[in-house]
Structure formats: structure tokens, C-alpha cells
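To find a chain, count down the sequence lines: A is the first, B the second, and so on, and within it residues start at 1.
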Protein chains: 2
Amino acid sequence: MEAQRTSLKLEEQLCFPLYTASRLVTQCYGPVLTALGITYPQYLVLLVLWENDDVNLSFIAQRLQLQSNTLTPLLKRMQEQGLITRTRSESDERNIVIALTDKAKNMKQEAEQIPQYLADKLPLSLDEARQLYSILYKLINSTGAAS
Amino acid sequence: MEAQRTSLKLEEQLCFPLYTASRLVTQCYGPVLTALGITYPQYLVLLVLWENDDVNLSFIAQRLQLQSNTLTPLLKRMQEQGLITRTRSESDERNIVIALTDKAKNMKQEAEQIPQYLADKLPLSLDEARQLYSILYKLINSTGAAS
DNA sequence: TAAGATTATATCGCAAGCGATACAAATGTA
DNA sequence: TACATTTGTATCGCTTGCGATATAATCTTA
């Protein structure tokens with residue numbers, strides 16, 4: 001709310017470093033994820049499912065702040081790769097239940113090392129990482145629906 | 001380099017809030033950019049060109065940390081919309097020179113209000129914004145090529 | 001209980017992103 | 001000056017993202 005001078009200089013835009021850091025950090029996952037045969041958003045879906053299996057599409061959508069027009073094809077591809085199953089709920093046929101296959105469950109163990117791999121690769125101190133989290137979630141909670 | 005406990009919990013991954021905040025903040029630009037008839041990456045290209053007109057594709061690529069396989073089609077679309085011209089350099093025919101049209105030059109004035117619009121929309125204090133910048137650029141510089 | 005709202009997911013169309021590769025112009029080198 | 005290398009863009013194929021809209025199942029309510 002304080003008066004802030006704003007300009008059109010690329011480096012002074014908040015959006016630009018956010019967008020670029022996100023892309024470049026995502027690229028850091030490339031080698032490990034390729035080895036597992038998955039993409040970055042697919043990895044995020046697995047993170048959700050490793051915490052909560054047998055959930056509706058809308059649950060994943062809410063956790064990742066993605067919509068059905070992104071998730072439906074993404075989940076279909078994961079199904080084709082044998083990572084998940086998609087089943088219509090019997091109690092409410094509008095719902096589609098996503099469940100991990102054994103293949104995806106087994107991948108969790110290999111994935112355990114990924115966070116450490118990334119933490120080593122990025123130059124942030126614990127303090128900086130905490131600050132970053134705090135600010136990013138402030139942004140997220142202010143824009144999207146409440147998480 | 002300190003010992004950090006890592007886990008596969010979604011919220012504890014650095015990547016996830018970065019990815020989500022980037023998408024959601026980008027979505028905040030939607031209304032203003034749609035009014036100008038451009039997309040978010042096109043806006044970034046314009047930011048570069050408003051600072052430095054008549055530059056090679058590789059200059060934009062370096063500034064935005066994007067590659068030709070992303071920029072070439074993006075710039076072609078901007079050309080079709082009458083925002084830029086693409087001309088082969090005479091001195092070195094490998095280079096393609098990107099220049100703003102009058103239409104795009106005139107858009108700068110309307111765009112001047114965008115940073116303030118966003119600053120008002122996001123809940124960050126000046127201090128938080130500075131911290132965020134600092135950390136994001138640390139990430140960017142550690143991953144991609146030196147800016 | 002039939003019509004209208006709401007909810008959950010899907011479809012369509014288009015613009016990024018990006019790994020891999022291609023290709024022509026320029027440069028280096030023997 | 002031929003030939004290999006490097007440089008700057010472009011092409012291909014695929015997977016996101018997302019606005020807009022569609023569709024079917026469920027819920028509401030008169």
C-alpha cells in the first residue's frame with residue numbers, strides 16, 4: 001500500500017523473475033524426471049497421490065490449482081503409461097477416482113532422493129528458502145482460491 | 001549446504017509454490033493484457049524491445065532465457081499481429097533483426113500503468129518484494145547461463 | 001416430480017515451452 | 001582455398017496451460 005515507483009524495466013517487474021525462476025528450476029528436474037519417465041506436472045500429480053491415494057480429479061485440481069481442462073488430458077496420459085487408474089465413482093457418477101498403480105507406488109522410493117538432489121543443486125540457505133516459501137504462499141493465497 | 005531434511009510432501013517442495021505462484025501471478029495479468037490484445041510472453045518481449053529496439057532474436061533469447069524454438073513462432077505471431085518486423089541482417093544473414101512497429105511503440109504508453117496495477121493487486125510489502133527479487137535472481141543466476 | 005440450478009469432468013482451440021535435430025551463413029584452419 | 005567447426009535461427013513433435021464452452025449426473029425447489 002506504500003507508494004512504490006513502478007516502471008516498465010524488465011528487471012523491475014515482479015513477474016519476470018518469478019516466471020523465469022520457475023521455468024529454470026523446473027528444468028533442473030529434467031534429468032531425474034526423465035530417468036523416471038515422467039514430466040514435471042506428472043511428478044506433481046504423483047506427489048499429491050503419494051500423500052492421498054484414491055481421490056477425485058477435483059481434489060488434485062484443488063491441490064495443484066489446476067483445472068480439468070489441464071488435468072483431464074494429463075491424467076489420461078498417465079493412465080496410458082500405467083501410472084494411475086481412472087474410475088467413475090459408483091456413488092456419484094460425476095466423480096472420477098484416481099488411484100496409483102503398483103508401478104507408481106514403487107516409484108515413490110526412487111523419488112525420495114529428488115528433493116535432496118534439488119536442494120543440493122540450488123544455492124539457497126535454509127533462511128532464504130523459508131523466506132521464499134513464505135512470500136510465495138502469500139502470493140498464492142492472495143490470488144487463487146484459498147488452498 | 002547445511003543438513004536439511006527433505007521429504008516428498010507437496011508443500012515442502014520448493015518447486016511447487018514457485019510453479020504455482022508463477023502461474024497465478026501470470027493469470028493476474030490476464031485482463032490488462034487481453035485488453036491490449038497480447039499474451040504474457042508477448043508482453044515480456046515488448047518489455048525487452050521497449051528498452052532496446054532493433055535487436056537480434058538471440059538478444060531477446062538471452063534476456064528472457066528462452067530459446068529459438070520458443071521465440072521463433074512467438075515472434076512470427078507478433079509479426080502477424082503487426083507488433084514487430086523481422087528482417088534478415090545484411091551484414092550477417094544468420095541474424096534476424098526484430099524491430100517495433102509504430103503500433104507497438106504506441107502501446108508502451110498504455111502499458112505504463114500495468115506495473116502499478118499489479119503492485120496494487122499483490123499483497124507484498126516493499127521489503128518482501130525486495131527479498132523475493134533477491135532470492136529469485138539468485139536462483140536464476142545459479143541455473144541458467146549468466147544473465 | 002418436472003424444470004431449473006449446480007457440480008464434476010470433458011472437449012476444443014490456441015499459445016507457449018522445450019528436447020532434439022536441421023540447416024545455412026560465417027568463421028577458423030590446415 | 002577446400003573442409004571442418006561454430007553460430008544463429010528454424011523445424012518437428014510432444015506436453016502443458018488455459019479461456020470458453022459442452023455434457024451428464026446430481027441437487028433444489030416450487
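Atom-to-atom, CD of B/Glu80 to P of C/dA16 comes out at 11 Å; the value is rounded to the nearest Å. The distance from atom OH of A/Tyr19 to atom C1' of C/dG17 is 7 Å, rounded to the nearest whole Å. In this structure, the CG atom of B/Leu83 is 13 Å from the P atom of C/dA15, given to the nearest Å. At whole-Å resolution of the value, CG in B/Leu71 and P in C/dG19 are 14 Å apart. Per the geometry, CG belonging to A/Asn69 stands 14 Å off C1' belonging to C/dA15, to the nearest Å. Rounded to whole Å, the distance from CD on B/Gln67 to C1' on C/dT21 is 13 Å.
Within 4.0 Å (heavy atoms only), A/Phe59 reaches no atom of the nucleic acid at all. Within 4.0 Å (heavy atoms only), A/Leu74 reaches sugar-phosphate atoms of the nucleic acid but no base atom. If you check every strand for non-hydrogen atoms under 4.0 Å, B/Ser58 touches sugar and phosphate atoms only.
Contact between the side-chain N/O atoms of A/Lys76 and the OP1/OP2 oxygens of C/dT11 is found at a separation under 4.0 Å. A sub-4.0 Å separation between OP1 or OP2 of C/dA16 and a side-chain N or O of B/Gln42 is present. Considering only side-chain N and O atoms, B/Thr70 lies nowhere under 4.0 angstrom from the phosphate OP1 or OP2 of C/dG17. Contact check, A/Gln27 against C/dC18: a side-chain N or O comes under 4.0 Å of OP1 or OP2.
Linking Ile, Leu, Val, Met, Phe, Trp and Tyr whenever their side-chain heavy atoms come within less than 4.5 Å puts B/Leu118 and B/Val48 in one cluster.
Between B/Arg23 and A/Leu64 the shortest heavy-atom distance is NH2-O, 2.9 Å.
Looking only at side-chain heavy atoms (C-beta outward), B/Leu18 and A/Leu18 come within less than 4.5 Å of each other.
Here NZ of B/Lys138 is found 11.5 Å from CG of A/Leu122. Values are rounded to the nearest 0.5 Å. To the nearest 0.5 Å, atoms CG (B/Asn95) and CZ (B/Arg88) are separated by 8.5 Å. To the nearest 0.5 Å, atoms CG (B/Asn52) and CD1 (B/Ile60) are separated by 9.5 Å. Residue B/Met78 holds its CE atom at 10.0 Å from CG of B/Leu71, rounded to the nearest 0.5 Å. Rounded to the nearest 0.5 Å, atoms CD1 (B/Ile114) and SG (A/Cys15) are 9.5 Å apart. Put simply, CG on A/Leu83 and CG on A/Leu100 are 8.5 Å apart, with the number rounded to the nearest 0.5 Å.
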Check: protein-nucleotides 1-5 of chain C nitrogen or oxygen pairs below 3.5 Å:
none

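Contacts between residues 88-100 of chain B and DNA chain D, defined by a heavy-atom separation under 4.0 Å, are made by B/Arg88, B/Arg94, B/Asn95, B/Ile96. Remark: nothing in residues 28-40 of chain A comes within less than 4.0 Å of DNA chain C through any heavy atom.
Side-chain N or O atoms of B/Asn56 include none that pairs as donor or acceptor with a backbone N or O of B/Ser58 at under 3.5 Å. Of the possible donor and acceptor atoms, none in the side chain of B/Glu93 sits under 3.5 Å from a partner among the backbone N and O of B/Glu90.
In this pair, B/Trp50 and B/Tyr43 present their aromatic rings perpendicular. The plane angle is above 60°, beyond the 30 to 60° band.
Protein chain A contacts DNA chain D over a range whose 5' and 3' limits, counting nucleotides with an atom under 4.0 angstrom from a non-hydrogen atom, are D/dT15 to D/dT26.
Not a single ring pair (Phe, Tyr, Trp, His ring centres under 6.0 Å) links B/Tyr117 to another residue, sequence neighbours left out. The salt bridge (Lys or Arg N to Asp or Glu O under 4.0 Å) check on A/Glu110 picks up nothing, with sequence neighbours excluded.
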